[in-house]
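See structure below.
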Amino acid sequence: MTGSALVNVRGAGITQAGHVEGTVPVSVRDTVLFAARGRSLFALVIPPGQPQSITVMRIDGAATATRRQISVNVPGFLQDVSSGPDGIYAGTAVIKRFTSSPDELLRIEPMTLTVLARASFRSSVATVAAGRGLWASLGDGRVVRLDPRTLAVEASRRVLPAVLTASQAATLSKPAFGRGSVWVMTGSGRHLDLLQLD
């Protein structure tokens, strides 16, 4: 049989997953990172070539969007966003051969969309928030527990040698939280380990 066919799956036992309630237009040139919390969706809109500025959006019911512009030291390197009861967290993954700027973590207040705390790190930072806790994977091979309001490091555990992460021989994933533990994937393309941290 040659050619192609359009198959109508209606009536074939597959129910509709949902319907479109609204849209929020974004330029195709922009990079968008997003996270949901409660009945709101939060989006970071990163335009190309815009120095030290991004737009934060909160999208509530019926696709009603509230926008605010905030400053970011290296907006082009924003790679991670997560949400928790104390805020929206945005982290960077700076490519050091392009800039000597440190990596940055921001805490954004969900209602006002203002930056309430900033912290600098020597390597990339990716977070997960659960309950009143906030954890981060750092690009230097550490998992840290952070104060969810001030972003101060409260505890640290090295899970990969810094020499391996510096040479990119091994990597550390974004953390996840579940079953009362923090979980990260570590290793290289040849060998990976899923670590459970108390």
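- Note that the OG atom of S101 and the CD1 atom of I95 stand 12.5 Å from one another [nearest 0.5 Å].
- V74 and I108 end up in different hydrophobic clusters when Ile, Leu, Val, Met, Phe, Trp and Tyr side chains are linked at under 4.5 Å.
- Between the CG atom of D193 and the OG atom of S188 there is a distance of 9.5 Å, given to the nearest 0.5 Å.
- The nearest pair of heavy atoms linking P175 to V182 is CB-CG1, 4.0 Å.
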Begin with the C-alpha distance, continue with both residues' side-chain angles, and end with the deciding distance and a verdict on side-chain contact (heavy atoms from CB on, under 4.5 Å) for S137 and V184. CA-CA 8 Å; S137 293; V184 290; 3.6 Å; yes
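- Clustering ILVMFWY residues whenever any of their side-chain heavy atoms sit less than 4.5 angstrom apart, transitively, puts V115 in the very cluster that holds L113.
- When all heavy atoms of L172 and G141 are compared, the pair lying nearest together is CD2-C, 3.8 Å.
- Cluster membership for V81 and L106, using ILVMFWY side-chain heavy atoms within less than 4.5 angstrom, is shared.
- Without hydrogens or angle criteria, K174 side chain to V125 main chain gives no donor-acceptor distance under 3.5 Å.
- R58 contributes no side-chain N or O that, together with a main-chain N or O of T66, makes up a donor-acceptor pair within less than 3.5 Å.
- For the pair D80 and T127, the tightest heavy-atom approach, listed with the atom from each and the gap, is OD2-N, 3.0 Å.
- With sequence neighbours excluded, no residue satisfies side chain to side chain donor-acceptor pair (under 3.5 Å) with T171.
- Residue pairs satisfying the ring-ring contact (aromatic ring centres under 6.0 Å, His included) criterion with at least one member in residues 145-176, sequence neighbours excluded, are absent.
- Partners of F177 under the ring pair (Phe, Tyr, Trp, His ring centres under 6.0 Å) rule, at least two apart in sequence or in another chain, are W135.
- Across all their heavy atoms, G187 and L192 have their closest contact at C-CD2, 3.9 Å.
- Residues satisfying the side chain to side chain donor-acceptor pair (under 3.5 Å) test with D140, not counting sequence neighbours, are R142.
- With sequence neighbours left out, the salt bridge (charged side-chain N to carboxylate O under 4.0 Å, His left out) criterion links R158 to no other residue.
- V56 and I46 fall within a single hydrophobic cluster, where Ile, Leu, Val, Met, Phe, Trp and Tyr are joined by side-chain heavy atoms under 4.5 Å apart, directly or via other members.
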Could you list the donor-acceptor pairs under 3.5 angstrom formed between side-chain atoms of residues 23-44 and any protein atom two or more places apart in sequence or on another chain?
{"from": "S27", "atom 1": "OG", "to": "R29", "atom 2": "N", "distance (Å)": "3.1"}
{"from": "R37", "atom 1": "NE", "to": "G84", "atom 2": "O", "distance (Å)": "3.4"}
{"from": "S40", "atom 1": "OG", "to": "D60", "atom 2": "OD1", "distance (Å)": "2.6"}

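- Identified under the ring-ring contact (aromatic ring centres under 6.0 Å, His included) test for residues 178-198, with sequence neighbours left out: none.
- Legend: residues meeting salt bridge (charged side-chain N to carboxylate O under 4.0 Å, His left out) with E154, ordered by chain and number and at least two apart, are R145.
- Interatomic distance, L160 CG to T165 OG1, rounded to the nearest 0.5 Å: 6.5 Å.
- Partners of R118 by salt bridge (charged side-chain N to carboxylate O under 4.0 Å, His left out), not counting sequence neighbours, listed by chain and number: E104.
- Summarising the geometry of L105 relative to L151, their closest heavy-atom pair is O-CD1, 3.5 Å, with the distance given to 0.1 Å.
- By the criterion of side-chain heavy atoms lying less than 4.5 angstrom apart, applied directly or through intervening Ile, Leu, Val, Met, Phe, Trp or Tyr residues, V45 is not grouped with L78; the two fall into different hydrophobic clusters.
- Screening residues 83-124 for ring-ring contact (aromatic ring centres under 6.0 Å, His included), with sequence neighbours left out, gives no hits.
- Under a 3.5 Å cut-off, the side chain of D86 and the backbone N or O of R132 do not form any donor-acceptor pair.
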Going through the checks in order, is the side-chain contact (heavy atoms from CB on, under 4.5 Å) test met by S123 and L138? CA-CA 6 Å; S123 56; L138 302 183; 4.0 Å; yes
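- The nearest pair of heavy atoms linking A136 to L146 is CB-CD1, 3.9 Å.
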Evaluation steps, side-chain contact (heavy atoms from CB on, under 4.5 Å), between T114 and I70: CA-CA 7 Å; T114 56; I70 64 171; over 6 Å; no
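- With sequence neighbours left out, the side chain to side chain donor-acceptor pair (under 3.5 Å) criterion links S173 to no other residue.
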Under the side-chain contact (heavy atoms from CB on, under 4.5 Å) rule, what do T55 and R68 come out as? Steps first, then yes or no, please. CA-CA 6 Å; T55 299; R68 186 179 185 101; over 6 Å; no
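- T92 meets the side chain to side chain donor-acceptor pair (under 3.5 Å) test with D103; sequence neighbours excluded.
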